[in-house]
Trainee: 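Take a look at this one; I'll ask things after.
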Amino acid sequence: MSIYSFPDRGPWGDSKYRGNCSGHVYKELYEQLKPGSVCDPMMGSGTSIEVAQEMNIKAFGLDLRLGFDILRESIVERIGQEVELCLSHPAYGGQIKFSGEVWGDPHPSDLSRCKDDNDFHEKLHIAMLNQRTATVPGGIYGAILGDWRRNGKYTSYQAELIARMPSDELAAVLIKAQHNTTSARRSYGAMRFPFISHEYVLLFQKPKKVLSMLTDLASMARQQSTRLTSTWKAIVRSVLMGLGGSASLSEIYAKVAEHAPDRLAANPSWQAKVRQTLNSNLDCFAPVDRGVWKLAA
Ligand SMILES: C[S@@+](CC[C@H](N)C(=O)[O-])C[C@H]1O[C@@H](n2cnc3c(N)ncnc32)[C@H](O)[C@@H]1O
């Protein structure tokens, strides 16, 4: 079953801990994946841990609230072993500020206190690599998280995480319906798009044969650069199409500056990137003369 919907959260953890998750989600996952050991490095009220203990699964629960910082400390060093399932339910989006509101004083590493979305994407990536390292070869790691719309802007935290992790390790994307959230009780009468009432359970499988951290990182970097290269190719191609199939370099620059997504256009050497994209994809682009390019036949 790839859709989870549990209106009742069950007796595990603490229903008063803000952002808590239904224990039935963990129960269903453990029944499906049958891990011999689990770790939840952001356990909050401990729902995941209580379910595991009830099912006689060896469980390790950590949290910033309890002095463990996933951005600064290795999970595997802290718990002294790798686990078969390392699943987190991160604080995302900042709707709920954990440190300073749910517990203690504001903490700079609190994922619910990131300065903006990019800061969060970067930190969640670090957290996920930490979880991956704490997973046995062939084991599962992942996160339960949702998307967020704020001031009309939709941010897909799950899509950003998937894009940063090794694509050949993505094992499952499950939908989890959200029930009884505070925001669901507000009125959204005038809203154009449907209110977000689901989260995702993202599961990645660590390869059975792990080469070395360095080889892993090199392969992740290669994947990222392939994605970026094909993004540039798609942008330049659509710009050329919009210019009737042939245009001068300066016309191409002007259109790219108009239409490229912020994060690409923010790259100071983007004009060099456009030239490199044209020159290295001659299956797609053909030079005419004096700096004019056309779509290849
Ligand atoms: C959404 S809650 C988890 C709720 C939990 N699943 C439950 O059912 O109670 C997210 C947790 O992440 C913790 N957290 C935030 N930043 C962290 C960090 N850098 N390292 C470890 N835990 C962190 C917060 O303290 C919070 O308890």
Side-chain angles (χ1 to χ4, degrees), residues 4 6-30 38-54 59-79 83 85-115 117 119-134 141-148 157-158 161 174 176-183 196 198-203:
Y4 290 179
F6 299 109
D8 162 40
R9 67 173 308 286
W12 312 277
D14 181 355
S15 62
K16 291 191 216 53
Y17 194 84
R18 292 203 59 204
N20 72 86
C21 179
S22 163
H24 292 289
V25 170
Y26 294 104
K27 194 159 189 284
E28 189 80 19
L29 278 170
Y30 298 161
V38 300
C39 175
D40 182 344
M42 302 187 222
M43 68 178 234
S45 69
T47 312
S48 56
I49 302 303
E50 288 181 22
V51 174
Q53 284 164 343
E54 189 179 287
F60 300 91
L62 306 167
D63 198 284
L64 193 59
R65 180 174 67 85
L66 307 171
F68 171 77
D69 179 355
I70 197 166
L71 303 177
R72 308 187 78 88
E73 202 181 333
S74 150
I75 298 170
V76 72
E77 294 290 326
R78 171 65 85 106
I79 64 178
V83 289
L85 173 65
C86 191
L87 183 67
S88 60
H89 179 207
Y92 63 88
Q95 299 105 310
I96 304 169
K97 301 265 183 283
F98 283 92
S99 63
E101 285 179 16
V102 176
W103 54 262
D105 294 326
H107 193 295
S109 285
D110 182 353
L111 285 169
S112 66
R113 290 191 171 273
C114 289
K115 70 173 190 299
D117 281 341
D119 187 31
F120 177 78
H121 301 324
E122 238 172 64
K123 287 178 174 160
L124 188 63
H125 190 198
I126 294 168
M128 210 47 51
L129 292 176
N130 196 348
Q131 287 181 226
R132 182 179 185 271
T133 305
Y141 63 96
I144 301 176
L145 84 167
D147 293 340
W148 200 24
Y157 296 115
Q158 57 102 17
L161 179 60
L174 316 177
K176 165 188 169 290
Q178 276 180 300
H179 300 276
N180 306 318
T181 56
T182 314
S183 29
I196 302 170
H198 66 282
E199 290 181 304
Y200 301 86
V201 183
L202 304 183
L203 300 175

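First listed ligand is number 1; within each ligand, the first listed atom is number 1. Remember, it's a predicted structure, so these values are computed and weren't measured experimentally.
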Trainee: Atoms of ligand 1 less than 4.0 Å from A91 heavy atoms?
Mentor: 10 (C)
Trainee: Is any side-chain heavy atom of Y92 closer than 4.5 Å to one of E199?
Mentor: yes
Trainee: Is any side-chain heavy atom of S22 closer than 4.5 Å to a side-chain heavy atom of D8?
Mentor: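 Side-chain contact under 4.5 Å: no.
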Trainee: List every atom of ligand 1 that sits less than 4.0 Å from any heavy atom of G19, numbering the atoms from 1 in the order shown and giving each element.
Mentor: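 The list of qualifying atoms is 1 (C), 4 (C).
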Trainee: With nothing but distance in play, are any N or O atoms of M42 less than 3.5 Å from an N or O of ligand 1?
Mentor: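 No.
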Trainee: Relative to the heavy atoms of Y17, which atoms of ligand 1 are at a distance of less than 4.0 Å?
Mentor: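 The atoms of ligand 1 under 4.0 Å from a heavy atom of Y17 are 9 (O), 25 (O), 26 (C), 27 (O).
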Trainee: Only one of K27, K176, H24 passes side chain to side chain contact (heavy atoms under 4.5 Å, CB included) with F6; say which it is.
Mentor: H24
Trainee: What protein heavy atom sits nearest atom 6 (N) of ligand 1, and how far off is it?
Mentor: H89 ND1, 2.9 Å
Trainee: For the pair S88 (side chain) and M42 (backbone), establish whether a donor and an acceptor sit closer than 3.5 Å, ignoring hydrogens and angles.
Mentor: no
Trainee: Could you list the atoms of ligand 1 found under 4.0 angstrom from a heavy atom of N20?
Mentor: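 Numbered from 1, ligand 1 contributes 7 (C), 8 (O), 9 (O).
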Trainee: So for ligand 1, is W103 a polar contact partner (N or O within less than 3.5 Å, distance only)?
Mentor: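 Yes, there is a polar N/O contact under 3.5 Å.
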Trainee: Is it true that G13 lies under 4.0 Å from ligand 1, counting heavy atoms only?
Mentor: no
Trainee: Do T47 and N20 meet the criterion of a side-chain donor-acceptor pair at a distance under 3.5 Å?
Mentor: no
Trainee: In terms of residue, atom name and distance, what is the protein heavy atom nearest to atom 16 (N) of ligand 1?
Mentor: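 Minimum-distance protein heavy atom for atom 16 (N) of ligand 1 reads L111 N, 3.0 Å.
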Trainee: Any idea which protein heavy atom is nearest atom 20 (N) of ligand 1, and the distance to it?
Mentor: I70 N, 3.1 Å
Trainee: Is R9 close to ligand 1, meaning an N/O of one under 3.5 Å from an N/O of the other?
Mentor: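 The answer is no, given that R9 and ligand 1 share no N or O pair closer than 3.5 Å.
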Trainee: Are any side-chain N or O atoms of D69 and backbone N or O atoms of L64, one a donor and one an acceptor, separated by less than 3.5 Å?
Mentor: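 Here the side-chain-to-backbone pair does not exist.
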Trainee: For atom 19 (N) of ligand 1, find the nearest protein heavy atom and state the residue, atom name and distance (0.1 Å precision).
Mentor: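 That would be S109 O, 2.9 Å.
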Trainee: Do me a favour and list the nearest non-hydrogen protein atom to atom 25 (O) of ligand 1 with residue, atom name and distance?
Mentor: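 Ranking protein heavy atoms by distance from atom 25 (O) of ligand 1, first comes D63 OD1, 2.6 Å.
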Trainee: Under 4.0 Å, heavy-atom basis, I'd like to know which part of Y26 is in contact with ligand 1: side chain, backbone, both or neither.
Mentor: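 Answer for Y26: side chain.
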Trainee: For the residue pair H198 and Y200, does the interplanar ring angle fall in the parallel (under 30°), tilted (30 to 60°) or perpendicular (over 60°) class?
Mentor: perpendicular
Trainee: Before giving the answer on side chain to side chain contact (heavy atoms under 4.5 Å, CB included), spell out for Q131 and I70 the whole-Å C-alpha distance, their side-chain angles and the decisive distance to 0.1 Å.
Mentor: CA-CA 9 Å; Q131 287 181 226; I70 197 166; 4.1 Å; yes
Trainee: Do the non-hydrogen side-chain atoms of T133 and I75 ever get within less than 4.5 Å of each other?
Mentor: no
Trainee: Looking at F68, which atoms of ligand 1 are within less than 4.0 Å of one of its heavy atoms?
Mentor: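 So the answer, numbered in order with elements, is 20 (N), 21 (C).
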Trainee: Is there side-chain contact between Y30 and V38, with at least one heavy-atom pair below 4.5 Å?
Mentor: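 SC-SC contact between Y30 and V38 confirmed.
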Trainee: Does L64 reach ligand 1 with a nitrogen or oxygen that is under 3.5 Å from one of the ligand's nitrogen or oxygen atoms?
Mentor: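 Indeed, backbone or side chain, L64 has an N or O that close.
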Trainee: May I ask you to identify, for M43, whether its side chain, its backbone, both or neither come under 4.0 Å of ligand 1 on a heavy-atom basis?
Mentor: backbone
Trainee: Is there at least one pair of N or O atoms, one from S45 and one from ligand 1, spaced under 3.5 Å apart?
Mentor: yes
Trainee: Out of all atoms in ligand 1, which are within 4.0 Å of some heavy atom of D110? Include the element for each.
Mentor: 15 (C), 16 (N)
Trainee: For ligand 1, which atoms have a heavy atom of D69 less than 4.0 angstrom away?
Mentor: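 Heavy-atom distances to D69 below 4.0 Å select 19 (N), 20 (N).
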Trainee: Suppose we measure from atom 8 (O) of ligand 1 to each protein heavy atom; which comes out shortest, and what is that distance?
Mentor: T47 OG1, 2.7 Å
Trainee: Considering all heavy atoms of both residues, which atom of S15 and which atom of R9 are nearest to each other, and what is their separation?
Mentor: CB-CD, 3.5 Å
Trainee: What are the two closest heavy atoms between R78 and E73, and how far apart are they?
Mentor: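 Where R78 meets E73 most closely, the heavy atoms are NE-OE2, 2.7 Å.
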Trainee: Are S45 and D14 close enough that a side-chain donor and a side-chain acceptor fall under 3.5 Å?
Mentor: no
Trainee: At a non-hydrogen distance cut-off of under 4.0 Å, which region of P41 contacts ligand 1 (side chain, backbone, both, or neither)?
Mentor: backbone
